[in-house]
Amino acid sequence: MDDQTRMLTGLTGLGGLSQADVGDPDSVRKQQSLGQPQQDIGDILQQIMAITDESLDEAQARKHALNCHRMKPALFSVLCEIKEKTVLSIRGVQEEDPPDPQIMRLDNMLLAEGVSGPEKGGGSAAAAAAAAAAGGSPTDSSIEHSDYRAKLAQIRQIYHSELEKYEQACSEFTNHVMNLLREQSRTRPISPKEIERMVAIIHRKFSSIQMQLKQSTCEAVMILRSRFLDARRKRRNFNKQATEVLNEYFYSHLSNPYPSEEAKEELAKKCGITVSQVSNWFGNKRIRYKKNIGKFQEEANLYAVKTAVDAANVSAQASQANSPATPNSGTTCTPTRNVLLFV
DNA sequence: TTGTATGATTGGAC
DNA sequence: GTCCAATCATACAA
């Protein structure tokens, strides 16, 4: 009898269980058709399976019995031999995966959108950029901007909560497997390297789940962003007061209707719109006025009168206060450009 | 429904 | 970068 057979034969008596005890007809059939070693393996398997049905105390006692069994060193050495023969098949397994470019792309995108990484900047910057590009009014912009940020924060919160859950589950599962392998290493040969490899496999599985989470988050951010941009693109007419302020400036500077950056900022503040909207308005107004001066003549006269009345009022107030008054003070004009078109 | 007004966008020139 | 010119897309009045 060789070592392996001796050991297996010895182990059959370990738990004091026989096929009759477990009443497995399949094992009985095997016993009849196969030789003694196969029968012994069947016994061992049955004993192992039976352990799972036992209470913790019983299992501990059985484990202790197994660890103290006189044949255990022999079993260990046989398993070492078997492993030595089979280990070649797993030596070629790739140890380290290169960083996945898709994960890197997703990470970069989540960072840029402000979903991962520090909370400030990111998303709000993206929202601000989108708002600036679309050029909505500050009031609406701030509403939609805050709405965008709130929704982004929601996505961020869900993402981090899910990520935390995955990481916790991964950590728990890894610990469980490591403990199991360490425990098993008392009865079969398991090197630390193999435990590491198993941990790496588990991490790979969990990172693929993480990638799905990242992909879903990216999609959600993209949808949110496109909806936000679509909403910004909807045109709304400026209110009457804003149009009046802009027209007043335009017709009172008809010889040079090119407000400076400071003037634009002031007008934007007065009208409750953005500087880029002021620029758009003046661009449109100049071109449309130039194309059809006749049509705008009445409007020009109206504002000329209005400006004159306002100037007179200001002048009267100024003389009362004994100080010189300048209409549209605080708004400077850029050097003349295309001025002849507007004379 | 249709025509007009108007804010936004785009491409080219400077 | 600004500005012009053409154009698009939507709001609004008839």
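In what follows, chains are A, B, ... by sequence order, proteins preceding strands, each numbered from 1.
- Rounded to whole angstrom, the span from the CG atom of Asn280(A) across to the P atom of dC4(C) amounts to 12 Å.
- The distance between atom CD1 of Ile287(A) and atom P of dC8(C), rounded to the nearest whole Å, is 16 Å.
- Considering only side-chain atoms of Lys290(A), the nucleotide from dC3(C), dA8(B), dA5(C) that sits closest is dA5(C).
- Rounded to a whole Å, the CZ atom of Phe282(A) is 12 Å from the P atom of dG7(B).
- Taking atom NZ on Lys240(A) and atom C1' on dC12(C), their separation rounds to 15 Å, with Å as the unit.
- The distance from atom CG of Asn256(A) to atom P of dC3(C) is 10 Å, rounded to the nearest whole Å.
- Considering only side-chain N and O atoms, Gln277(A) lies nowhere under 4.0 angstrom from the phosphate OP1 or OP2 of dG7(B).
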Practice problem: Show the numbers, then the answer: is there a side-chain contact (heavy atoms from CB on, under 4.5 Å) between Trp281(A) and Leu267(A)? | Solution: CA-CA 11 Å; Trp281(A) 189 91; Leu267(A) 286 167; over 6 Å; no

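- For Gln157(A), there are no side chain to side chain contact (heavy atoms under 4.5 Å, CB included) partners, not counting sequence neighbours.
- Residues passing the side chain to side chain contact (heavy atoms under 4.5 Å, CB included) test with His160(A), sequence neighbours excluded: Arg156(A).
- The six-membered or imidazole ring of Phe296(A) lies away from that of Tyr251(A), with a centre-to-centre distance of 6.0 Å or more.
- In this structure, of dC3(C), dA6(C), dT2(C), it is dC3(C) that holds the atom nearest to the side chain of Arg286(A).
- For Tyr303(A) and Phe250(A), the ring centers are positioned 6.0 Å apart or more.
- Checking the phosphate oxygens (OP1, OP2) of dA6(C), a side-chain nitrogen or oxygen of Lys291(A) falls inside 4.0 Å.
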Quick test: give all pairs of protein nitrogen or oxygen and nucleotides 2-6 of chain B nitrogen or oxygen below 3.5 Å, distance rounded to 0.1 Å.
from: dT6(B); atom 1: O2; to: Arg235(A); atom 2: NE; distance (Å): 3.2
from: dT6(B); atom 1: O2; to: Arg235(A); atom 2: NH1; distance (Å): 3.4
from: dT6(B); atom 1: O2; to: Arg235(A); atom 2: NH2; distance (Å): 3.3

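- No single ILVMFWY cluster, assembled from side-chain heavy atoms under 4.5 Å apart, contains both Ile201(A) and Val199(A).
- Going from atom CG of Asn284(A) over to atom P of dC4(C) covers 11 Å, rounded to whole Å.
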